[in-house]
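Residue numbering restarts at 1 for every chain, and letters A, B, ... go by the order of the sequence lines.
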Amino acid sequence: MLRIEDTDGARNTAEASAGIIKGLRWLGLDWDEGPEIGGDRGPYFQSQRKALYDAHLARLEQAGRLYTEPNGAVRLRFLRQPITVNDQVCGAVTFAATEEPDMTLRRPDGSYIFHFVNVVDDIEMGITHVIRGEDHLSNTWKHIEIFQALGATPPVYAHIPLILNADGSKMSKRDAGSAIEHSYIKGGFLPAAVLNYLATLGWTPRSERELLSAAELTALFDPTEIHSANARFDLVKCQWFNAQYLRALSKEDLYQAALPFLRESGLPLEDEARAMAAVDSVRSKVSLLSEIPEWIGYLLREEIQMGEDAMQKLRGNPQSAQLLQVLHGELSALAQWDALSIQGATAAAAAKAAVKPGALMPLMRAALSGQMRGPDVPVIAAIIGREHSLSRLSAAQQH
RNA sequence: GACCCCUUCGUCUAGCGGUUAGGACACAUCCCUUUCACGGAUGCGACACGGGUUCGAUUCCCGUAGGGGUCGCCA
């Protein structure tokens with residue numbers, strides 16, 4: 001069930017809840033009841049459940065547990081008895097409950113406080129398990145007191161440790177790894193990879209492998225195995241997970257996933273087969289989708305940008321022009337233009353020029369891509385196509 | 001200030017009285033190789049500190065230190 005906790009009208013906006021829903025959907029997390037789905041325990045926005053809260057407040061009033069401040073705020077009178085939280089993660093934690101001031105349930109303007117509406121909703125919606133951040137542990141005895149005051153049984157609690165930044169400081173909404181949209185979607189991550197990594201922070205699947213699908217994680221999950229210590233967010237390891245998932249994607253799926261970043265980069269994508277081949281050729285070079293465009297620019301654009309190292313490669317060898325000319329000749333004669341044929345022609349050119357293929361390949365790479373790193377050279381030539389490959393080889397002879 | 005949770009390699013962790021303290025990421029080296037990567041191999045590297053309990057503590061208990069959290073008419 002998804003319930004939107006938007007009791008604070010000033011801070012909660014439609015965009016905020018839309019962001020939550022979008023983030024959950026992106027991660028592949030769904031819900032049986034709630035916004036966009038419906039269900040018979042709604043409404044699922046706390047801002048629409050005021051009548052329910054009024055009714056429960058009236059019951060507490062009848063039980064003599066409330067009093068009203070001069071300014072109109074309504075407070076619950078605590079019983080001042082020790083309360084033990086039986087937590088699935090932290091164990092039995094007892095709070096003396098003697099020092100805390102009585103808690104406010106309703107503000108002078110008639111709006112309700114989060115703690116109260118949460119308890120009411122948990123009762124009304126039949127919530128059995130509450131798994132939430134450890135920051136709520138110290139307040140849980142207050143929730144239990146409200147449950148008991150309403151004659152209800154509290155749910156099973158599991159308070160999980162908070163995730164910290166890499167330097168151990170508290171993670172806030174602006175920090176890397178915090179916001180789905182900003183950190184992951186725009187960062188070039190795959191949902192399954194992020195879900196997998198996040199699941200291993202604060203909980204270790206009892207499995208030989210750590211690369212696990214949502215279904216596998218779900219099957220393996222046991223709340224009593226959740227750790228009780230804070231974990232730090234490690235962006236590098238998260239990227240490693242992403243790289244693993246990237247490599248496992250089909251050619252088509254990888255292209256679809258990369259498409260938003262390709263479009264944003266302005267690369268020409270009219271020739272979809274070529275664009276798809278280009279993306280596929282660098283899958284083991286990158287760990288993020290967002291890195292792909294910079295790796296494949298020369299594969300899709302008409303013009304190439306000669307890098308400094310590539311220029312030096314071409315100029316460093318006095319035989320460059322001659323070697324490239326021999327290569328040009330062999331490649332021109334090819335009947336088939338595919339990586340394997342190109343590989344063969346390159347070997348033949350090297351033999352004809354009496355040099356090792358290892359001497360020719362770097363020159364060919366520099367000429368075709370203007371860079372000294374990238375996919376296999378024959379693959380580059382195959383993707384670029386015969387016409388552009390030959391013209392680049394000719395142009396490079398001028399350097 | 002009071003109260004609560006926590007403490008194993010740099011990071012995520014396995015361990016639940018007797019282990020050469022294991023794995024993953026990162027890092028280093030080597031192999032593979034036309035480049036950059038991928039992949040494979042090897043290496044580096046930890047039980048916060050001090051007391052107990054015990055024949056024996058990483059493991060159990062108590063302190064100390066350190067980290068995180070709560071004490072709202074925020075959620």
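For B:A75, the OP1/OP2 oxygens have no side-chain nitrogen or oxygen of A:R132 closer than 4.0 Å. A sub-4.0 Å separation between OP1 or OP2 of B:A14 and a side-chain N or O of A:H227 is present. Phosphate contact (OP1/OP2 of B:U7, side-chain N/O of A:N230, threshold under 4.0 Å): absent. Distances shown here put a side-chain N or O of A:T7 below 4.0 Å from the OP1 or OP2 atom of B:A75.
Looking only at atom types and distance, the side chain of A:S111 has a donor-acceptor partner in the side chain of A:R107 under 3.5 Å away. Using modelled atom types and a 3.5 Å distance limit, the side chains of A:E124 and A:H56 yield a donor-acceptor pair. A donor-acceptor contact closer than 3.5 angstrom is absent between the side chains of A:R247 and A:S287. There is no side-chain donor-acceptor pair under 3.5 Å between A:H159 and A:H136. A donor atom on one side chain and an acceptor atom on the other are found under 3.5 Å apart for A:D102 and A:Y67.
Using a 4.0 Å heavy-atom criterion, one finds that A:A73 contacts the bases of the nucleic acid, with or without backbone contacts as well. Here A:R206 lies in heavy-atom contact (under 4.0 Å) with sugar-phosphate atoms only.
Aromatic ring pairs are classed by plane angle as parallel below 30°, tilted from 30° to 60° and perpendicular above 60°; the pair A:W141 and A:F78 is tilted.
Pair assignment for B:A24: B:U11, on the basis of Watson-Crick or G-U wobble contacts that are both within less than 3.5 Å. Of all nucleotides present, none satisfies the Watson-Crick or G-U wobble test against B:G45 with each distance under 3.5 Å.
Listed here is the closest heavy atom pair of A:L220 and A:S207: CD2-CB, 3.9 Å. For the residue pair A:L212 and A:Y245, the shortest heavy atom distance occurs at O-OH, 3.0 Å.
Contacts between residues 97-104 of chain A and RNA chain B, counted as heavy-atom distances below 4.0 Å, involve A:E100, A:P101, A:T104.
Ion pairing between a basic and an acidic side chain is recognised when a charged N comes within 4.0 Å of a carboxylate O; A:E33 and A:R3 show no such pairing.
The side chain of A:F95 lies closest to B:C3, out of B:U13, B:C3, B:A75.
Looking at A:D109, its side chain has no donor and acceptor atom pair within 3.5 Å of the base of B:C73.
Where A:T94 and A:L164 each meet RNA chain B at their nearest nucleotide, the meeting point lying more 5' is that of A:T94.
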Legend entry - Base-contact (B) and sugar-phosphate-only (S) positions in nucleotides 25-44 of chain B, heavy-atom cut-off under 4.0 Å, - elsewhere: SS-------BBBBSS-----
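Base orientation of B:C38: syn, since the glycosidic angle falls within 90° of 0.
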